[in-house]
Amino acid sequence: MQPLYESNLTSLPLISKGKVRDIYDIDDQHLLIVTTDRISAFDAILPTAIPGKGRILTETAQFWMKKTQDILPNQLVTNISLADYLTPDELKQLDGRGMIVRKLKPLPVEAIVRGYLVGSGWKEYKKKQSVCGIPLEEGLKKAQKLPTPLFTPSTKAAVGEHDENISFDQLIEIMGQHKAEAVRDLSLKLYEFAANFALERGIIIADTKFEFGEDENGTIYLIDEALTPDSSRFWPASKYEVGKNPESFDKQYIRDYLESLDWDKNSTPPELPEDVVFKTLEKYQEAQARLTENL
């Protein structure tokens, strides 16, 4: 399978290219989001693509948006077709990586929910007994389930820059009390629903990131991607053990590989070897299969 590192569509005007997604303008009400096979880690776009990853992320995001539409509306548009806007060659190029969405105003926050003590949260807890400034009880262990999930928002950095954790009070300053509370409550509700659903299928969602937008009436929508291996930390429940860094069905495998290298996370990222690419794709495929296939 040939990877799609970047899309090249001439039928629609390109609006922007993000770490993973290319966004095109369709009309006054709609956008085309192309999820490429690019992969990012430590806020850097890696030079090696993961073949087919974009299709997996697109299908998984669509699956979750349909599953969670009773919690809040989402950006997904299903009553118009890409075939109405793209040439046959362009459709072949995308090969399932494209999603038509509503035009919405993105809210300036990455809404992160942490259900387990791991990653940067574990590092901070060891030093300060807190996660993103939120105090926690003594004696918690690595990868332990938190007493209650934590909402830990961050800024949305531009490509090449780093997101920064912010407090809930800072979030209120950015978007106001009512909207900040709505984003927090929706994030926790989405996480609780998805974590319970995934656990029935043998996956622990340790943490995840949501993004939201609003329409002209101020109604909040789920946008971007949600609950995919790119935006979440997925663990196999059968191998989970408190105190140990679990295996994962996500890009933590790539992060771990990069951490083993002499890379300063600021210079040009290294190429990924073939075995790391294959293993990453395998993990994404298994996560999608467990979550979306009928039991």
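Everything quoted here is computed from the prediction, not taken from an experiment.
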* To do: Any pair with a residue in residues 140-155 that passes salt bridge (charged side-chain N to carboxylate O under 4.0 Å, His left out), sequence neighbours left out, goes on the list, sorted by first then second residue, please.
  => none

* Short side-chain to backbone donor-acceptor contact, R38 and I50, under 3.5 Å -> no

* Asked: With a cutoff of under 4.5 Å between side-chain heavy atoms, which Ile, Leu, Val, Met, Phe, Trp and Tyr residues group with L104?
  -> Y221, I223

* Do other residues, nucleotides or ligands put more than 12 heavy atoms under 6.0 Å from N217 CG? -> yes

* Structure fact -> side-chain contact (heavy atoms from CB on, under 4.5 Å) filter on S154, not counting sequence neighbours, yields E110, I112, D163, N165

* Take atom CZ of F278 as the centre, draw a 6.0 Å sphere, and report whether it contains more than 12 heavy atoms from other residues, nucleotides or ligands. => no

* Asked: Is a side-chain donor or acceptor of N74 paired with a backbone partner of L76 at a separation under 3.5 angstrom?
  -> yes

* Under the 6.0 Å and 45° cation-pi test, does R290 pair with F249? -> no

* Please say which of K19, K53, K251 ends up in a side-chain hydrogen bond (donor to acceptor under 3.5 Å, both in side chains) with D230. => K53

* To do: Output all residues satisfying side-chain contact (heavy atoms from CB on, under 4.5 Å) with S238, sequence neighbours left out; order by chain, then residue number.
  => P236

* Asked: Above 12 or not: heavy atoms from other molecules or residues under 6.0 Å from CD of Q144?
  -> yes

* D25 side chain reached by L31 side chain, heavy atoms, under 4.5 Å -> yes

* **Non-neighbouring partners of D207 that pass side-chain hydrogen bond (donor to acceptor under 3.5 Å, both in side chains), sequence neighbours left out** => R233

* Residues forming a side-chain contact (heavy atoms from CB on, under 4.5 Å) with E274, sequence neighbours excluded -> none

* Do side-chain atoms of Y191 reach the backbone of I205 as a donor and acceptor pair under 3.5 angstrom? -> yes

* Where at least one partner belongs to residues 80-101, residue pairs that pass salt bridge (charged side-chain N to carboxylate O under 4.0 Å, His left out), sequence neighbours excluded -> D37-R97, R55-D95

* **Pairs satisfying salt bridge (charged side-chain N to carboxylate O under 4.0 Å, His left out), at least one member in residues 171-183, at least two apart** => K179-E214

* Asked: Are Y257 and T280 close enough that a side-chain donor and a side-chain acceptor fall under 3.5 Å?
  -> no

* To do: Answer yes if the side chains of S167 and D169 hold a donor-acceptor pair under 3.5 Å, and no otherwise.
  => no

* **Sidechain-backbone polar pair: S232 side chain, P229 backbone, donor-acceptor under 3.5 Å** => no

* Hey, are the side chains of V113 and T152 touching, using non-hydrogen atoms and a 4.5 Å cut-off? -> no

* Asked: Taking only residues two or more places apart in sequence, or in another chain, which ones meet K279 in a side-chain contact (heavy atoms from CB on, under 4.5 Å)?
  -> Y253, E282, K283

* Taking the inter-plane angle between the rings of Y125 and W122 on a 0 to 90° scale, is it parallel (under 30°), tilted (30 to 60°) or perpendicular (over 60°)? -> parallel

* To do: Starting at OG1 of T219, measure out to CZ of F212 and round the result to the nearest 0.5 Å.
  => 14.0 Å

* Asked: With Y240, which residues qualify under ring-ring contact (aromatic ring centres under 6.0 Å, His included), at least two apart?
  -> Y116, W235

* Asked: Is there side-chain contact between D27 and Y85, with heavy atoms separated by less than 4.5 Å?
  -> yes

* Asked: Would a distance-only check, ignoring hydrogens and angles, find a side-chain to backbone donor-acceptor pair under 3.5 Å from D264 to S267?
  -> yes

* Inter- and intrachain pairs under salt bridge (charged side-chain N to carboxylate O under 4.0 Å, His left out), touching residues 117-126, at least two apart -> none

* To do: Check step by step if side-chain contact (heavy atoms from CB on, under 4.5 Å) holds for T36 and Y5.
  => CA-CA 6 Å; T36 70; Y5 193 83; over 6 Å; no

* **Derivation and outcome, side-chain contact (heavy atoms from CB on, under 4.5 Å), residues N245 and V118** => CA-CA 8 Å; N245 205 27; V118 70; 3.9 Å; yes

* For F197, ring-ring contact (aromatic ring centres under 6.0 Å, His included) partners two or more places apart -> F63, W64

